[in-house]
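Below: the structure, in structure tokens.
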Amino acid sequence: MSHTDTNPSQSRLVRPSVLSLNISSKAALYASYMPYLGNGGIFLPTTKHYTLGDEVFLMIQLMDDPAKYPVAGAVVWITPAGAQRNKTQGVGVQFAADETGRLVKQKIEQILAGHLNSSRPTQTL
């Protein structure tokens, strides 16, 4: 989403994309979570084009929790269409190093306690 002023000499303002993600099971959360990122992160299936470093804003709902957590982040991983091993097309977003990012990382890691070191395949590695 972008906004361009009528004065061509002014620079263009670009707002981060807003993406919603509803994770309904522990298995789906495990497959999407990216614990190896410093602030934590999550993989989002999408066909929309992103580049590394793009800022995004996530609305994440975790399983039975009715709350939707707003998290700022940046694209740090891209899985293109037709990726090897039939990986789902999408992007990995690293959570911002702010209070909300830390809160969501903590909630996810509480849900996945005991599963983070599993050898099961994920959407990324």
Looking only at non-hydrogen atoms, find the nearest pair between Val76 and Leu52 and report the distance.
-> C-CD2, 3.5 Å
Looking only at heavy atoms, which two atoms of Gly53 and Ala74 are closest? And how far apart?
-> O-CB, 4.3 Å
Should Leu37 and Val93 be marked as a side chain to side chain contact (heavy atoms under 4.5 Å, CB included) after you check the CA-CA gap, both sets of side-chain angles, and the distance that decides it?
-> CA-CA 9 Å; Leu37 296 177; Val93 175; over 6 Å; no
Decide yes or no for Leu44 and Leu58: does some side-chain heavy atom of the first lie under 4.5 Å from some side-chain heavy atom of the second?
-> yes
Does any non-hydrogen side-chain atom of Tyr33 lie less than 4.5 Å from one of Ile23?
-> no
Between Ala81 and Gln89 the two heavy atoms that sit nearest each other are CB-OE1, 3.3 Å
Check residues 59-73 and write down every donor-acceptor pair under 3.5 Å in which the side-chain atom is one partner and the other belongs to a residue at least two apart or another chain.
unit_1, atom_1, unit_2, atom_2, d
Gln61, NE2, Asp65, O, 3.3
Asp65, OD1, Ala67, N, 2.9
Asp65, OD2, Tyr69, OH, 2.5

Work out which heavy atom in Lys26 is nearest to a heavy atom in Ile111; give both atom names and the distance.
-> CE-O, 3.4 Å
Under 4.5 Å between any side-chain heavy atoms of Val56 and Val18, yes or no?
-> no
Are Thr51 and His49 close enough that some pair of their side-chain heavy atoms sits under 4.5 Å apart?
-> yes
Between Arg102 and Ala97, the two heavy atoms sitting closest are NH1-O, 3.2 Å
Output for pair (Leu29 CG, Glu109 CD), nearest 0.5 Å, gives 10.0 Å
Should the heavy atoms of other residues, nucleotides or ligands under 6.0 Å from CD of Glu99 be counted, would the total exceed 12?
-> no
Transitively linked via ILVMFWY side-chain contacts under 4.5 Å: Leu112 with Leu21?
-> yes
Answer yes or no: is there a side-chain heavy-atom contact under 4.5 Å between Val104 and Phe95?
-> yes
Mind checking whether Ser17 and Tyr50 have side chains closer than 4.5 Å, heavy atoms only?
-> yes
Are the side chain of Asn39 and the backbone N or O of Gln94 linked by a donor-acceptor pair below 3.5 Å?
-> no
